[in-house]
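Quick notes on the structure that follows.
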Amino acid sequence: MSLRIDGTLQRGDLTLELDFDLPFGITAITGPNGAGKSSILRLVAGLEALDAGRLTLDGVVLDDRAAEVFIPAEERNVSIAFQQPRLFPHLTVLQNIAYPLRRQGHAPAEATELARPFAERVRATSLLDLRPRRLSGGQAQRTAIAVAMAVGASTILLDEPLTSIDEAGTADIRRLLHQLDTPRVVWVTHDPADAHDADHQIILGSR
Amino acid sequence: MTPPARRPPFAVLAPAGLGVAIVIVPIVGLLQRTPWSSLLNRLGSDTVVEAIRVSLAVSVVAAALSLVLGLPLAWLLARHDGRLVGLVRAAVLVPMVLPPVVGGTALLFALGRRGLVGQWLDAWFGVTLPFTTAGAIVAATFVALPFFVTTVEAALRQAGTELEEAAAVAGARPVTRLLTVTIPASRDAIMAGVALAWARALGEFGATITFAGNLAGRTRTLPLEIFLALESDPASAVAVSVLLLGVSLAVLVALRGRWFTR
């Protein structure tokens, strides 16, 4: 069971040659700005496609241009927390967390009930009825992590989840990320300490 | 610190002032001739009430059609690029710059009984559009649709694909993303688009009179009523004009949050 990328991704002038596995546990991806760290997450999530080669997740081909295979984001067993939290502005915190549960076929009332434990996990129970614009950076990111957890995917991608948060809030979220019970966590970070604490490390070169 | 404010130069003030005057003076002229004491009586006369009824029906249905047809169109234009998309965008905008009477003439030759499409509408469905309320609605939609599409396309473009991506990762399919995220998150722009389309449809004259004629109770909208009344009953024409002026100002006030503050 593995997440394997073997291929190339063209990003303007930059050609990323990718050949690695993302095993279970926490994998930290580090590297200089513009090295394509976020692009790798977008690739795995299905928001970008390989230009050549193939991406497989637990034996299923997700992306293979030569074979004309591309599984869209909504059908992948993957979720993501973006660098800037992307919460739906017209929904409350609880409704945001319930959103992926609704998409899994739960009725509205059921989905909000199922969403509560995720809100508790990220200690957002006092925020449930607020709209995202009322949240601080840390509160928004905690909510976004709860949304990512509620997707229920076996892989969670974190794109520098601590950069939009002031220093005081980071310890909290860092602890939370280390306690995720998702089998595979891929964490893009520029913090050497975070990379060191991860189970595996991938360092992207700049060329 | 910024230097103390100076009076703008005369070469700027003079044309700017004339520009304001060209907008304000006609409105003052209209208000000064308004028969205020008999205003309600005139607006309550049978012919005016009938025109109000036609105008409301035509403009509300045209605004609704602009929403239903324009929203998918605006989304397609905002999310896709390429030559075909550019051509479609240009085509949709044509009614904004086209003289309405040309639009009406074009509609007549396309949808008239012997027109390109009209002959089949007549032969297959027995539908005739010219000189009917439905025809007036088509004419109003023709001129109103671009106002909705440009407003909403700009908003969707500015909002970007970030939320749609987040929805996709959360498991939402394309149509679900549109219905549960894109549309609710752009609600303000969509409402503004509907208001603009409605206001444009309400004021429509040239395309309507050319394509749908001037039939009392069927295609005679308020602007047509004004045009007719100018000959026989100028005071009524002024009264109806003031009514439409009031509606226009109300739309502007409703939209002020969008345009006056940004």
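Everything quoted here is computed from the prediction, not taken from an experiment. Side chains included, hydrogens not; waters and symmetry mates left out as well; all remaining heavy atoms used. Just so it is clear: chains get the letters A, B, ... in the order the sequence lines come, proteins before strands, and each one is counted from 1.
For chain B, the nearby part of A:Arg42 is the side chain; its heavy atoms alone come within less than 4.5 Å. Looking at A:Glu75, the atoms closer than 4.5 Å to chain B (heavy atoms on both sides) all sit in the side chain, from C-beta outward. There is no contact between A:Val147 and chain B, counting heavy-atom distances below 4.5 Å.
Put simply, the side chain of B:Arg173 does not reach to within 4.5 Å of the side chain of A:Pro72, judged on heavy atoms.
Distance check, rounded to the nearest 0.5 Å: OG1 of B:Thr161 to CG of A:Leu47 gives 8.5 Å. Here CD of B:Glu162 is found 4.0 Å from CZ of A:Arg86. Values are rounded to the nearest 0.5 Å.
Nearest heavy atom pair, residue B:Leu163 against residue A:Leu87, reads CD2-O, 3.5 Å. Of all the heavy atoms in A:Ala45 and B:Val169, the pair that sits closest is CB-CG2, 4.4 Å. The minimum heavy-atom distance between A:Tyr99 and B:Ala167, with the atom names listed, is OH-CB, 3.7 Å. Between B:Gly171 and A:Arg103, the shortest heavy-atom distance links the atoms O-CB, 3.8 Å. Nearest heavy-atom pair across A:His90 and B:Pro184 is CD2-CB, 3.2 Å.
The environment of A:Arg54 atom CZ is sparse: at most 12 non-hydrogen atoms of other residues, nucleotides or ligands sit within 6.0 angstrom.
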